[in-house]
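The structure under discussion appears below in the form of structure tokens.
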Amino acid sequence: MTIQEIGRELSEIAGTIGNSVAGLGSRRSQGSAVVIAEGRLLTNAHNLGGDGPTAVFVGGERREGEVVGADPDADLAVISVDTSGLEPAPWADAIPGIGSAVIAVANPAGRGLRVTLGYISGIDRAFRGPRGRRIGGGIEHTAPLLPGSSGGALVDPDGRLVGINTHRLGSGFYLAIPTDAALKERVDRLAKGEASRRHRLGVGLVPPEMSGRLRRAVGLADRDGLLVRWVEDDSPAAKAGMRQGDLIVTAGPHSITGLDELQQAIDEADDMLVLSIVRGTEELTVTAAFEPDGQ
């Protein structure tokens with residue numbers, strides 16, 4: 001394919017799926033979003049601010065939206081907005097492999113359509129969601145993205161959706177959440193307003209590499225674990241008696257050396273989770289009770 005033919009392909013995609021990609025703007029956050037159904041936009045949860053999102057479509061038309069479902073642990077959110085006159089982006093039947101050409105389509109914060117070409121450089125890549133949860137299965141690619149492009153579309157050369165761009169890795173690499181069957185099922189639930197069913201402990205944590213340094217700084221012995229930075233009011237952690245400065249060393253059957261082990265223990269728990277914590281030099285056992293609906 002010649003350069004001219006590639007250019008014509010990109011122009012055609014810009015003229016079709018480009019109309020299905022919106023910019024998102026608010027006082028607190030910016031991004032892009034994709035029309036996935038009548039009256040529904042899909043974007044990253046980290047693009048949501050405290051106020052209602054405003055969708056800006058190609059041509060500059062602004063339409064006010066409302067969040068109907070969000071899953072920060074999967075970095076996904078569905079917005080209700082008037083999409084009259086716009087076609088939903090078609091989903092690909094399968095996710096392409098390494099070396100496949102892909103096109104990123106974004107409207108960064110509504111500043112105008114951007115269409116760039118790249119290639120899939122890796123699959124099954126992991127990244128952290130807005131609350132620190134590990135999200136696996138990501139598509140790594142090389143189609144350049146401007147700030148404000150997260151939540152935009154990653155499509156194949158036929159203009160079919162293969163991913164939702166999420167963030168830049170640096171050095172010319174970018175990540176997208178693949179639009180596979182599992183994602184479609186999750187998005188369908190969010191579009192109906194169904195909430196995430198994951199348990200939450202309700203703590204803020206210090207990165208493991210800093211925990212030891214902070215304990216040594218106050219004269220305490222270094223131990224593997226996660227140091228609690230804050231405890232959310234009325235959360236399972238607060239009701240269990242956890243405090244700022246506690247070191248979580250075990251959760252259920254898991255020894256805790258990093259965030260992934262704690263998340264696994266929380267996910268495996270039914271309605272209770274037993275944790276061993278170190279408070280100063282004292283080791284304690286506490287039990288966190290989760291709500292039956294997982295919230």
Side-chain angles (χ1 to χ4, degrees), residues 21-26 28-36 40-50 53 55 65-81 89 91 95 102 104-109 120 122-141 143 145-155 161-170 173-201 204-205 207 258-260 262-264 266-267 294-295:
V21 177
L24 293 179
S26 72
R28 298 186 183 181
S29 60
Q30 299 178 340
S32 298
V34 182
V35 179
I36 55 165
R40 293 291 185 265
L41 294 177
L42 176 62
T43 188
N44 293 137
H46 73 253
N47 289 335
L48 303 179
E66 179 183 359
V67 178
V68 295
D71 184 353
D73 289 329
D75 202 11
L76 296 169
V78 174
I79 297 168
S80 173
V81 70
W91 289 48
I95 305 302
V102 287
V105 187
N107 190 343
I120 293 179
I123 57 174
D124 201 23
R125 297 293 189 258
F127 63 98
R128 298 286 179 186
R131 292 201 294 228
R133 182 177 289 271
R134 184 180 183 273
I135 301 173
I139 299 172
E140 180 188 285
H141 67 87
L145 298 173
L146 284 171
S149 296
S150 62
L154 188 71
V155 302
L161 196 63
V162 299
I164 300 297
N165 287 310
T166 179
H167 64 268
R168 293 173 291 168
L169 294 173
F173 294 93
Y174 308 83
L175 275 179
I177 302 170
T179 51
D180 54 16
L183 181 76
K184 195 172 192 311
E185 181 181 349
R186 185 178 294 124
V187 169
D188 286 345
R189 292 199 304 268
L190 292 175
K192 296 174 184 175
E194 297 178 7
S196 167
R197 294 293 181 181
R198 297 186 184 90
H199 293 314
R200 290 185 64 245
L201 188 58
L205 300 166
L259 186 59
D260 292 338
L262 181 58
Q263 288 173 343
Q264 183 179 354
I266 294 171
D267 289 343
Q295 296 307 293

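Throughout, numbering of the chain's residues begins at 1 and tracks the sequence. Quick caveat, the model's predicted, so the values are computed rather than measured.
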Open item on the list: Going by side chain to side chain contact (heavy atoms under 4.5 Å, CB included), name the residues that satisfy it together with Ala143, two or more places apart in sequence or in a different chain.
Closed with: Ala104, Thr116, His141

Open item on the list: According to salt bridge (charged side-chain N to carboxylate O under 4.0 Å, His left out), who are the partners of Glu185, at least two apart in sequence or on a separate chain?
Closed with: Arg189

Task: Separation of Leu169 CG from Leu175 CG (nearest 0.5 Å) - done: 4.0 Å

Open item on the list: To check you understand the geometry: which heavy-atom pair defines the closest contact between Ala22 and Asn107, and what is its length?
Closed with: C-CB, 3.7 Å

Task: Set of side chain to side chain contact (heavy atoms under 4.5 Å, CB included) partners for Arg134, sequence neighbours left out - done: Ala126, Arg128, Asp260, Gln263

TODO: Kindly write out the residues that satisfy side chain to side chain contact (heavy atoms under 4.5 Å, CB included) with Asp180, not counting sequence neighbours, or none if the list is empty.
DONE: Ile95, Pro178, Ala182, Leu183

- [ ] Look up atom CD1 in Ile135 and atom CG in Asp71, then write down how far apart they are to the nearest 0.5 Å.
- [x] 8.0 Å

Task: Side-chain touch Ile139/Val102, heavy atoms, less than 4.5 angstrom - done: no

TODO: List in chain and number order the residues that pass side-chain hydrogen bond (donor to acceptor under 3.5 Å, both in side chains) with Ser32, two or more places apart in sequence or in another chain; answer none if no residue qualifies.
DONE: none

Task: Sequence-distant partners of Ala153, side chain to side chain contact (heavy atoms under 4.5 Å, CB included), two or more places apart - done: Ile17, Val21, Val34, Val105, Val155, Leu161

Task: Results of salt bridge (charged side-chain N to carboxylate O under 4.0 Å, His left out) for Arg125 - residues two or more places apart only - done: Glu140

Open item on the list: So, taking the atom named CD1 in Ile164 and the one named CG in Leu154, what distance separates them when rounded to the nearest 0.5 Å?
Closed with: 8.5 Å

Task: Minimum heavy-atom distance Ala55-Val81, with the two atoms named - done: CB-CG2, 4.2 Å

TODO: Indicate the atoms forming the closest heavy-atom contact of Asn165 with Ala176, along with that distance.
DONE: OD1-CB, 3.6 Å

TODO: Indicate yes or no: at least one non-hydrogen side-chain atom of Asn44 is less than 4.5 angstrom from one of Ile177.
DONE: yes

Task: Side-chain donor-acceptor pair present, Thr166, Asp75, cut-off under 3.5 Å - done: yes

- [ ] With sequence neighbours excluded, tell me which residues meet side-chain hydrogen bond (donor to acceptor under 3.5 Å, both in side chains) with Asp267.
- [x] Arg133

Task: salt bridge (charged side-chain N to carboxylate O under 4.0 Å, His left out) involving Lys184 - partner list, sequence neighbours excluded - done: Asp188

Open item on the list: Holding to side-chain hydrogen bond (donor to acceptor under 3.5 Å, both in side chains), I want the full list of residues that pass it with Ser150, two or more places apart in sequence or in another chain.
Closed with: His46, Asn47

Open item on the list: Can you give me the closest heavy-atom contact between Pro108 and Leu146, atom names plus distance?
Closed with: CG-CB, 4.3 Å

Open item on the list: If you define the side chain from C-beta out and look only at heavy atoms, does anything of Ile79 sit under 4.5 Å from Leu48?
Closed with: yes

